[in-house]
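Let me begin by presenting the structure, written as structure tokens, before commenting on it.
What you are looking at is a predicted structure, and each value in this text was computed from that prediction instead of being measured. All residue numbers in this chain count up from 1 along the given sequence.
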Amino acid sequence: EALIVGKVSTFGDRGSWKITGQISRGANAAATQIDGTPTVTTIATVGGASGWAVVAQANTTNGSLEIKVTGVAATTINWTCHIKTAEAVG
């Protein structure tokens with residue numbers, strides 16, 4: 001589960017999203033994959049943030065979860081992400 005928040009530096013465009021899903025890593029980093037389809041829920045957006053996007057994907061170079069965000073050109077957006085995980089080993 002990931003909670004992502006983005007906000008421009010002034011009190012203006014802002015938004016928050018929640019992603020739920022599952023990722024697994026096989027024998028090596030290249031065998032990392034997203035299981036099923038992650039669910040992205042928009043919690044709230046204000047102003048131009050309705051056009052922003054967040055996505056979860058597998059990084060097969062590092063064998064890890066990657067959260068990618070897309071805002072708008074020529075705009076500084078401050079992003080933060082909190083990830084809660086559970087791991088089964090064996």
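Closest approach of P38 to G36, counting heavy atoms only: CD-O, 3.9 Å. The heavy-atom pair separating S16 from V5 by the smallest distance is CB-CG2, 4.0 Å. Smallest separation of non-hydrogen atoms from A49 and G15: CB-N, 4.1 Å. Closest approach of G63 to T32, counting heavy atoms only: CA-OG1, 3.1 Å. The nearest pair of heavy atoms linking T20 to K18 is CG2-CE, 3.9 Å.
Under the side chain to side chain contact (heavy atoms under 4.5 Å, CB included) rule, S64 has a single partner from N62, T60, T61, which is N62.
Residues meeting the salt bridge (Lys or Arg N to Asp or Glu O under 4.0 Å) test with E66, sequence neighbours left out: K68.
Counting Ile, Leu, Val, Met, Phe, Trp and Tyr side chains that sit under 4.5 Å apart, directly or through other members, I34 shares a hydrophobic cluster with I4, V8, W17, I19, I23, V40, W52, V54, L65, I67, V69, V72, I77, W79, I83. Cluster partners of V89: none. The rule joins Ile, Leu, Val, Met, Phe, Trp and Tyr whenever side-chain heavy atoms lie under 4.5 Å apart, and it links nothing here.
Separation of atoms CZ (R25) and CG (N59) is listed at 10.0 Å; rounding is to 0.5 Å. From E1, atom CD reaches atom OG1 of T41 across 9.5 Å, with rounding to the nearest 0.5 Å.
A side-chain donor-acceptor contact under 3.5 Å links N28 to the backbone of A30.
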